[in-house]
Amino acid sequence: MASPWWKVARSEEVTSAKPLAVDVGDQPVVLWRDAQGIARALEDRCPHRRAPLSRGCVRDNGWLQCGYHGWSYDGESGRLKEIPNMKDEQRFPPVYKAIAYAVAESGGFVSVNLDKASAPPAPVLDETFPLNGTAHVSLSQGEWVDTLFDDPGLVLDIRGVQFTPYLMSELREENGLLVMERFCQWGKLHLPSYATAEFPITLITRTRPDTGETQAVLRDDSFRTLLTAQIAPVAAARGVTQVRWRARLGEELKGRHALALRLKGSFAVRENVDAAALRVLIRSASHRAQQLREAILPATPVSSDPSVSPDSSVSAAA
Amino acid sequence: MLEVADRPFASDTDHTETTAAPRAPRPSLNAVNNWVPHDIVMRDSWFPLAHDHAIGKKPVRRAVYSHPFYIWRENGKAVASEFHPQEIVTREKSPYTDAHGRYPVIEHYGLIWGWFGRPEAADPAHLPSLPFLPPNGGLPKHMTATIRFDCSAPISLENLIDLTHADFLHADVVGDEKSDSEDVEVFYDSETITMVRTLVNKSVAPIMKFFSGIRQPTQNVRQVIRIYLRSHCAIAYGRFSPGDDVPLFHPCTPESRDRTRMEMVMNTSNAGLMFRHVMPKAGYKVSRQDSSMTNPQSPRYMDIDPRKDLHSRFDQAGQRYRLLMMELAQRQAEGDFAYRDNVSADCSDIIGLRKELFRF
Ligand code: FES
Ligand SMILES: [Fe+2]
């Protein structure tokens with residue numbers, strides 16, 4: 001089974017000015033841009049004396065130079081290219097290399113695959129998502145995704161939006177994705193949700209069963225899209241989840257609540273999860289999530305939804 | 001051009017086994033590429049624990065491999081105990097102290113040394129030779145400092161004996177490493193390793209220009225690193241001409257197996273006034289730079305990693321250091337704690353000390 005592509009950075013975060021340290025689970029990875037502007041990824045461990053390569057620098061020719069003794073590596077192959085002061089003897093046996101990972105970039109995200117031989121993901125449609133951010137959450141990736149299913153308000157913050165416990169459509173499989181739709185309200189202006197007859201907005205989420213990557217769409221009762229967000233929760237070291245997201249507003253926003261989404265900071269992934277509320281959150285929508293994942297993963301190819309990268313053979317996320 | 005030589009220090013130090021009993025095979029030069037320094041615990045050795053001026057009537061706390069050492073003075077004489085005098089003792093005495101829980105202690109070179117190992121084996125003859133320090137102490141306090149390294153002691157010493165990292169990590173302090181020629185020699189016996197690096201016409205370090213007032217664009221440099229393997233003590237001696245003679249005592253006491261304490265002494269008596277006062281302080285900056293690499297390195301050497309470290313010929317001294325430590329550790333694991341080479345014999349000639357500058 002092929003290993004999944006993880007969206008470990010937003011495009012803006014990967015530069016040729018400074019290497020970026022990220023991780024996929026407990027595997028540290030260093031990212032940077034080479035001289036052609038191509039994003040590169042190596043294991044964040046120099047094979048010389050095991051120092052983190054992310055504490056080094058990017059050279060003008062695009063090689064990554066370790067900050068300890070200055071060994072330089074080529075990003076594509078991971079091969080050692082230069083040892084300082086070695087003068088003309090810069091030829092090294094093939095084992096002189098750092099581990100290089102497969103990198104793909106599209107839709108404003110840089111993705112890494114720990115299996116170098118993986119087929120690149122198909123590029124997503126060229127849409128711009130100008131709003132973007134990164135949140136670190138001290139919750140495991142699996143629990144984060146389940147919380148998104150059970151109460152998005154604990155992990156997402158959308159200006160003015162109250163997520164209700166009422167689903168328009170419970171979690172189900174659709175084109176290889178886990179899809180659900182939840183009723184929402186604007187602020188606290190309405191009756192309590194249990195006594196409300198009609199809801200003005202809904203949140204639709206489409207989640208990849210392997211990586212938890214989710215497209216979230218906020219829609220009003222006239223079927224206008226108010227906001228679309230791409231959310232990529234990636235398991236990082238020590239059980240932390242790094243969530244990268246990009247969002248854009250709908251073209252037609254009607255009503256003062258919808259218009260208020262134009263204000264800065266109208267979408268965010270929460271850095272802090274209310275642990276007291278989380279503990280007592282009843283597993284409802286997520287209850288069947290694992291069964292659904294297992295049903296989808298070996299069988300169906302994932303759809304080519306613009307939010308997520310299709311990949312003909314995906315495996316279960318760790 | 002770099003020239004590297006690597007040889008046993010004296011011909012009478014033979015590393016081949018003469019005993020008839022079959023022994024485990026000695027570590028090979030290849031094995032050092034996945035060594036596990038975290039597992040190395042050296043015994044039967046003096047460890048420098050405190051500057052003599054730091055010890056008074058009130059016990060201070062030190063540790064060697066997490067074993068507590070409480071040190072204080074009784075009638076002016078330094079003592080070290082594994083128990084605090086006020087402690088209500090509820091734990092077993094360790095085998096490393098006498099019937100009263102006292103460790104062997106010696107005060108020398110302005111330092112308090114504690115013996116870790118079998119108490120009956122403690123012998124002043126196993127104290128490392130530091131010929132640039134007055135035997136009875138007395139250097140001004142500003143020549144001493146305590147610096148901690150956020151890594152294991154062997155990782156810290158490997159960093160010290162590897163001078164090629166200086167151009168990158170300490171470029172702002174030492175300047176670039178351009179020189180007409182560079183020559184590295186490594187000498188070793190079963191207890192020590194000494195590296196001598198000679199540079200001809202090296203560009204003068206910014207710090208030297210500033211504090212020593214060197215006007216010439218280049219200087220000849222002779223740098224020596226000598227490590228006493230068992231006690232994890234090192235000498236770093238730089239001779240700059242024109243310029244100063246700066247011997248540094250650089251111990252790396254393993255307080256725990258992942259943190260190192262350095263009771264540094266830098267004898268700058270022969271350096272210019274500015275240099276004399278500022279140079280010991282440069283140690284703080286340099287040590288933080290080193291820790292930025294050695295701190296993340298350290299846990300990556302706690303377990304055996306099947307992936308071998310890569311190395312270049314610039315790493316010869318470091319590779320040799322690893323091998324010697326592994327050999328010594330293996331001998332200790334087999335119950336052999338004897339010193340086969342004398343660490344207290346005057347090493348002035350080995351390190352090339354200008355003795356006329358250091359008379360006590
Ligand atoms: S550890 Fe990277 S160059 Fe030495
Ligand atoms: Fe250093």
Side-chain angles (χ1 to χ4, degrees), chain A residues 18-23 26-30 42-59 63-74 77-101 114 116 237-238, chain B residues 1-4 32-38 151-152 154-156 158-159 161-171 176-179 181-182 184 197 199 202 288-303 305-315 318-319 321-322:
Chain A
K18 209 175 160 296
L20 176 73
V22 297
D23 26 42
D26 286 325
Q27 178 59 61
V29 173
V30 57
L42 295 180
E43 182 184 16
D44 196 6
R45 172 191 185 278
C46 181
H48 177 225
R49 291 292 179 260
R50 310 183 196 178
L53 289 168
S54 55
R55 298 195 181 187
C57 61
V58 183
R59 292 178 52 172
W63 293 343
L64 184 65
Q65 182 169 42
C66 179
Y68 199 171
H69 309 91
W71 290 23
S72 295
Y73 300 90
D74 167 62
S77 62
R79 284 196 63 167
L80 175 66
K81 303 299 276 187
E82 197 178 284
I83 295 178
N85 299 325
M86 283 286 238
K87 310 258 158 70
D88 318 322
E89 309 148 65
Q90 306 286 358
R91 285 177 173 277
F92 309 104
V95 296
Y96 274 65
K97 63 196 270 198
I99 293 176
Y101 299 123
L114 297 187
K116 178 81 178 164
R238 290 185 176 258
Chain B
M1 215 20 239
L2 176 99
E3 297 299 330
V4 185
V32 306
N33 291 317
N34 35 22
W35 82 323
V36 187
H38 187 75
C151 62
S152 71
I155 293 276
S156 193
E158 187 179 55
N159 164 280
I161 204 162
D162 140 39
L163 290 175
T164 61
H165 76 272
D167 326 17
F168 297 92
L169 214 45
H170 313 309
D176 66 48
E177 295 282 299
K178 295 206 173 66
S179 65
S181 77
E182 177 178 352
V184 174
R197 183 185 190 217
L199 299 154
K202 181 194 174 296
R288 288 334 288 166
Q289 293 171 335
D290 282 326
S291 278
S292 77
M293 292 297 166
T294 56
N295 179 32
Q297 260 188 308
S298 203
R300 292 178 172 184
Y301 286 94
M302 285 184 181
D303 301 297
D305 188 329
R307 290 190 286 168
K308 293 186 185 338
D309 286 352
L310 304 177
H311 57 93
S312 78
R313 60 192 161 80
F314 297 106
D315 297 318
Q319 300 284 104
Y321 169 68
R322 288 185 179 188

For this session: Below 4.5 Å from any heavy atom of chain A, which atoms of B/E158 appear? Answer side chain, backbone, both or neither.
Result: side chain

Problem set entry | All side-chain hydrogen bond (donor to acceptor under 3.5 Å, both in side chains) counterparts of B/T294, not counting sequence neighbours | none

Exercise. Side chains of A/R45 and B/D305: closer than 4.5 Å at any heavy-atom pair?
Worked result: yes

Seminar exercise, completed: In this structure, SG of A/C46 is separated from CZ of B/R300 (nearest 0.5 Å) by 10.0 Å

For this session: Evaluate side chain to side chain donor-acceptor pair (under 3.5 Å) for A/H69 paired with B/D315, printing each intermediate quantity in order.
Result: CA-CA 10 Å; A/H69 309 91; B/D315 297 318; 5.4 Å; no

Exercise. Can you name the residues of residues 51-59 of chain A that have some heavy atom under 4.5 Å away from a heavy atom in chain B?
Worked result: A/A51, A/P52, A/R55

For this session: Sort A/P93 into side chain, backbone, both or neither according to what part of it lies under 4.5 angstrom from a heavy atom of chain B.
Result: neither

Exercise. Does B/D290 offer a backbone N or O that forms a donor-acceptor pair with the side chain of A/Y68 under 3.5 Å?
Worked result: no

Problem set entry | pair A/R49-B/D162: side-chain heavy atoms closer than 4.5 Å | no

Exercise. Within a radius of less than 6.0 Å around NZ of A/K18, do more than 12 heavy atoms belonging to other residues, nucleotides or ligands occur?
Worked result: no

Exercise. Once you round to the nearest 0.5 Å, how far does CZ of B/R307 lie from CD of A/E43?
Worked result: 4.0 Å

Exercise. Measuring from B/L310:CG to A/L80:CG, what's the distance to the nearest 0.5 Å?
Worked result: 7.5 Å

For this session: Would you name the heavy atoms of B/F314 and A/P84 that are closest together and state the gap between them?
Result: CE1-O, 3.6 Å

Exercise. What are the two closest heavy atoms between B/S312 and A/M86, and how far apart are they?
Worked result: CB-CE, 3.9 Å

